Amino acid sequence: MLFANMFMHFLKIIFTVFMNFYTIEATSIRVIKITIFLLFIVIQTSCSLPGIHFKPANPKHAGSYPKATERLRLIADQTTKFRTCFDVKRYELWMTPDPVNKKINGRSEITSYALSDIDTLQLDLDERLALSEVRVEGQPVRFYRKYSAVFIIAGRTIKKNQRFRVEGSFSGKPLTAAKPPWKGGLVWKQDKNDKPWTAVACESEGASLWWFCKDVTNDEADTTLLHYTCNKSLVMVGNGSLLSVANNGQDRIYSWQVSKPINTYDITFYLGDFVLIEDSFKSISGNWVPIRHYALRQNEMRARVHFKSAKKILSVYENCFGAFPWQQDGYRLVESPYEGMEHQSAIAYGNGYRLDDTGDDYIILHETAHEWWGNAVSATDLGDVWLQEGFATFSEYLYMAYTHHADPERYMFQYWLAIGNKRPVSNPYNLRFFDYRDGDVYTKGAYALLSLKYLIHDDTLFMKIIRTFYERNKLKPGGSNTKDLESVISELTGKDYTWFFNQYFHSRKVPMLEYRILENEGIVYRWTDCDSAFAMPVKIRSQGDDYFLFPTTKTQFTAVPQIKKIKNNNLFWVMRQGLFVSIYEVYFGLKPSKKLRKEGIL
Ligand SMILES: [Zn+2]
């Protein structure tokens with residue numbers, strides 16, 4: 001899912017102006033000058049605009065989590081015996097949308113493997129939809145529903161290690177998305193020619209919003225078969241490769257096959273007057289990977305040009321992380337009636353064919369990264385969704401760094417400004433917690449990875465860590481968590497980085513570098529508001545020379561002969577003077593102090 005900061009565009013504009021303060025020509029328009037002046041006032045007074053933080057700060061009040069009501073527990077708790085007793089192997093889904101009445105009609109067939117003896121099991125379907133019949137191994141069985149949970153009484157004991165099949169038919173009016181993709185549901189729109197244009201987004205809410213499934217993030221089917229029916233004048237696109245198109249009276253049935261494990265929220269459909277744009281790219285694996293984009297007919301020519309950029313992005317990400325994960329299923333962008341979503345091998349694209357000031361399309365850049373981070377490596381629980389969003393955001397940085405067409409640190413700094421520090425990056429499990437209004441899983445997650453890169457201080461080793469983590473965790477049954485990353489880092493560096501993880505992932509607090517400048521003498525400093533073992537090195541620059549400080553929570557002094565007095569510590573000054581240059585690369589705050597003394601330091 002894409003970053004949802006409502007001030008993002010505004011932020012990008014002021015950030016660009018701000019970063020170019022000293023290079024703006026005398027001929028620049030007056031509006032920019034006024035903006036700079038206003039910006040100057042804001043920064044000098046160290047104000048925060050809503051959602052933008054010019055100084056890293058520790059908010060007094062922590063962000064809250066949703067109350068674990070019975071309704072929430074039934075959908076969010078992945079540890080109950082009714083869910084852990086079986087492992088889904090295969091989904092087959094039939095679905096027909098009715099865009100006129102905003103209804104759907106479908107059937108799911110779920111083949112699973114019993115992990116223990118089963119009398120009752122839980123599947124899920126939103127309570128707005130009717131469930132007409134449930135069968136186990138072809139026999140009708142009893143079931144009862146509580147909110148979105150469907151408890152199925154098998155009628156006989158399904159023995160451990162047995163494969164079994166559950167079928168259910170569903171219909172009705174699913175939730176209409178209030179703010180897709182962040183507040184999800186079905187999106188019923190019409191294109192400019194008044195033809196139906198329908199899609200779905202359900203990452204936060206879950207796939208059971210529109211189909212009958214085991215709605216968890218820690219159990220992915222190995223293969224999925226999708227049969228979508230629509231009027232012959234339209235096209236229905238799903239994930240994976242197109243197996244067949246069958247005529248059925250006035251309708252057509254599009255059958256799609258996903259040959260690799262897939263998150264249930266990634267399983268999707270798009271209905272519209274689409275045209276196919278076929279292409280392929282040469283993967284580093286040596287294979288030609290099929291590309292089958294679908295654009296609205298009215299936008300075909302724009303899409304043919306615009307979607308070409310995806311090939312360069314795929315190539316950079318392959319070099320960073322490894323071969324594109326869906327070699328057989330392929331890659332595609334599908335024009336969607338909302339901004340974007342990482343639907344596996346069928347990315348929702350709705351950014352209006354726009355380019356950012358870096359010359360890239362953020363949606364293609366970000367959502368394509370999710371094919372590696374989110375789709376191949378998936379978080380066990382949305383509590384660790386930063387593994388998907390933080391890595392996808394950090395991938396944007398790597399793309400900038402590898403292509404050298406934009407300053408990667410400057411690019412990242414826009415995210416720095418949006419970090420809120422209300423909650424830790426790694427959140428509690430079994431709450432289905434993913435609050436789109438708290439972007440720290442994107443921004444701080446990515447900044448934590450940048451800080452880690454700085455800390456490791458060996459880019460070859462750092463990228464080896466990223467690739468090893470990817471390689472070991474891609475398509476991992478049950479998904480991955482923050483601890484999996486920590487153990488790869490410990491193994492490859494031979495060091496214990498518990499303090500780093502405690503600080504940047506499990507605590508919401510910003511480490512603050514408390515310091516005092518002694519003019520023409522040096523700097524006294526220590527870390528505060530941090531893990532007791534926090535030991536992030538910091539680079540400062542004075543009169544063109546770099547000095548490395550190795551602060552801990554104990555007060556230290558480093559001689560920096562030419563250092564000037566720091567008048568204040570706001571961001572504007574810091575960047576202008578070039579001091580604390582690692583503020584670009586490491587996430588921390590500055591806390592000037594008059595108390596710190598060099599006397600008495602051993
Ligand atoms: Zn995302």
Side-chain angles (χ1 to χ4, degrees), residues 1 65-66 68-93 108-116 118 120-127 129 131 134 143 145-152 158 164-166 168 170 184 200-224 239 258 260-268 341-344 374-388 426-434 473 475-482 484:
M1 192 153 34
Y65 292 103
T69 58
E70 186 182 22
R71 175 191 289 270
L72 180 64
R73 271 191 290 108
L74 284 167
I75 188 74
D77 189 348
Q78 306 194 142
T79 62
T80 67
K81 65 176 181 179
F82 303 114
R83 285 175 147 176
T84 57
C85 61
F86 67 105
D87 175 18
V88 176
K89 293 292 175 195
R90 182 178 181 274
Y91 284 118
E92 188 161 0
L93 171 66
S108 300
E109 190 179 295
I110 304 152
T111 307
S112 307
Y113 182 78
L115 298 172
S116 59
I118 302 172
T120 305
L121 64 126
Q122 181 186 338
L123 290 170
D124 307 276
L125 183 69
D126 191 79
E127 60 216 272
L129 298 175
L131 185 61
V134 175
F143 63 91
R145 303 180 66 176
K146 202 159 200 188
Y147 302 115
S148 60
V150 181
F151 291 97
I152 295 155
I158 302 166
F164 65 99
R165 195 177 76 246
V166 181
F170 55 91
V200 63
C202 59
E203 181 174 9
S204 313
E205 297 80 4
S208 57
L209 264 190
W210 68 279
W211 63 290
F212 182 49
C213 60
K214 182 181 182 183
D215 199 354
V216 294
T217 52
N218 65 356
D219 187 3
E220 299 183 5
D222 298 338
T223 56
T224 302
N239 315 78
V258 186
K260 296 282 183 191
I262 180 170
N263 287 309
T264 48
Y265 80 81
D266 265 335
I267 294 171
T268 201
M341 188 57 161
E342 65 257 30
H343 298 139
Q344 184 169 314
N375 302 349
V377 174
S378 304
T380 295
D381 187 288
L382 286 185
D384 265 335
V385 79
W386 86 267
L387 285 173
Q388 308 187 169
S426 179
N427 288 293
Y429 275 27
N430 300 311
L431 285 176
R432 200 183 274 269
F433 181 74
F434 186 178
N473 288 274
L475 309 179
K476 185 174 163 190
S480 305
N481 56 46
T482 305
D484 294 325

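Every value quoted in this text rests on a predicted model; they were computed, and no experiment measured them. Scope of the values below: all heavy atoms of this structure, side chains included, with no hydrogens, waters or symmetry mates.
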Peer 1: Please evaluate residues Asp381 and Phe433 with respect to the criterion side-chain contact (heavy atoms from CB on, under 4.5 Å), reporting the C-alpha separation (whole Å), side-chain torsions for both, the decisive distance (0.1 Å), and the verdict.
Peer 2: CA-CA 9 Å; Asp381 187 288; Phe433 181 74; over 6 Å; no

Peer 1: To the nearest 0.5 Å, what is the distance between CZ (Phe170) and CG (Leu93)?
Peer 2: 5.0 Å

Peer 1: Give the minimum heavy-atom separation between Ala68 and Leu431, together with the two atoms involved.
Peer 2: CB-CD2, 4.1 Å

Peer 1: Looking at Glu70 and Lys146, does any basic side-chain N land under 4.0 Å from a carboxylate oxygen?
Peer 2: yes

Peer 1: If only atom types and distance count, is the side chain of Thr217 paired as donor or acceptor with the main-chain N or O of Thr380 below 3.5 Å?
Peer 2: yes

Peer 1: Rounded to the nearest 0.5 Å, how far apart are CG of Leu387 and OG of Ser426?
Peer 2: 7.5 Å

Peer 1: Mark yes or no for whether Gln122, through its side chain, and Phe82, through its backbone, hold a donor-acceptor pair below 3.5 Å.
Peer 2: no

Peer 1: Specify the closest pair of heavy atoms between Val150 and Arg145, including all atoms of both residues, with the distance to one decimal.
Peer 2: CG2-NE, 4.1 Å

Peer 1: With respect to Arg83, which candidate in Asp77, Asp215, Asp124 satisfies the salt bridge (Lys or Arg N to Asp or Glu O under 4.0 Å) definition?
Peer 2: Asp124

Peer 1: Is the closest side-chain donor-acceptor distance between Asn473 and Ser480 under 3.5 Å?
Peer 2: yes

Peer 1: Would you confirm whether Asp219, through its side chain, and Gly478, through its main-chain N or O, come within 3.5 Å as a donor-acceptor pair?
Peer 2: no

Peer 1: Has Asn263 got a side-chain atom pairing as donor or acceptor with Gly374's backbone, closer than 3.5 angstrom?
Peer 2: yes

Peer 1: Checking the side chain of Glu220 only, and the main-chain atoms of Leu475 only, is there a donor and an acceptor separated by less than 3.5 Å?
Peer 2: no

Peer 1: Can you name the closest pair of heavy atoms from Cys213 and Ala207 and give their distance?
Peer 2: SG-CB, 3.9 Å

Peer 1: Starting from the C-alpha separation in whole Å, work towards a yes-or-no answer on side-chain contact (heavy atoms from CB on, under 4.5 Å) for Ser204 and Met1.
Peer 2: CA-CA 9 Å; Ser204 313; Met1 192 153 34; 3.6 Å; yes

Peer 1: Considering non-hydrogen atoms only, spot the tightest contact between Thr84 and Leu115 and give its length.
Peer 2: O-CD1, 3.5 Å

Peer 1: With a 3.5 Å cut-off and no angle check, do the side chains of Asp384 and Tyr429 form a donor-acceptor pair?
Peer 2: yes

Peer 1: What's the separation between atom CE in Met341 and atom CD in Glu203, rounded to the nearest 0.5 Å?
Peer 2: 4.0 Å

Peer 1: Determine yes or no for a side-chain-to-main-chain donor-acceptor pair under 3.5 angstrom, with Tyr91 supplying the side chain and Lys214 the backbone.
Peer 2: yes

Peer 1: Is a side-chain N or O of Asp87 found less than 3.5 angstrom from the main chain of Tyr113, in a donor-acceptor match?
Peer 2: no

Peer 1: Is there a donor-acceptor pair closer than 3.5 Å between any side-chain N or O of Arg432 and the backbone N or O of Arg73?
Peer 2: no

Peer 1: So how far is it from Gln344 CD to Ser378 OG, rounded to the nearest 0.5 Å?
Peer 2: 7.5 Å

Peer 1: Is the backbone N or O of Thr224 less than 3.5 Å from a side-chain atom of Glu92, with the two atoms forming a donor-acceptor pair by type?
Peer 2: no

Peer 1: Would you say Asn375's side chain and Glu342's backbone share a donor-acceptor pair under 3.5 angstrom?
Peer 2: yes

Peer 1: For residues Asp222 and Lys260, determine if any side-chain heavy atom of one lies less than 4.5 Å from a side-chain heavy atom of the other.
Peer 2: no

Peer 1: Take Phe164 and Thr111 through the test side-chain contact (heavy atoms from CB on, under 4.5 Å) and record every step on the way to the result.
Peer 2: CA-CA 6 Å; Phe164 65 99; Thr111 307; over 6 Å; no

Peer 1: If you round to the nearest 0.5 Å, how far is CZ of Phe212 from CG of Asp126?
Peer 2: 13.0 Å

Peer 1: Taking atom types as modelled, is there a side-chain donor on Trp386 or Thr482 under 3.5 Å from an acceptor on the other?
Peer 2: yes

Peer 1: So, do Val258 and Ile267 sit near enough that their side-chain heavy atoms are less than 4.5 Å apart?
Peer 2: no

Peer 1: Of all the heavy-atom pairs spanning Pro66 and Leu72, show the shortest one and how long it is.
Peer 2: CB-CD2, 3.9 Å

Peer 1: Take Ile152 and Leu123 through the test side-chain contact (heavy atoms from CB on, under 4.5 Å) and record every step on the way to the result.
Peer 2: CA-CA 8 Å; Ile152 295 155; Leu123 290 170; 3.5 Å; yes

Peer 1: Compare every heavy atom of Cys85 with every heavy atom of Ile118, then report the nearest pair and how far apart it is.
Peer 2: CD1-O, 3.4 Å

Peer 1: Find the distance between CG (Asn218) and CD (Gln78) and round it off to the nearest 0.5 Å.
Peer 2: 4.0 Å

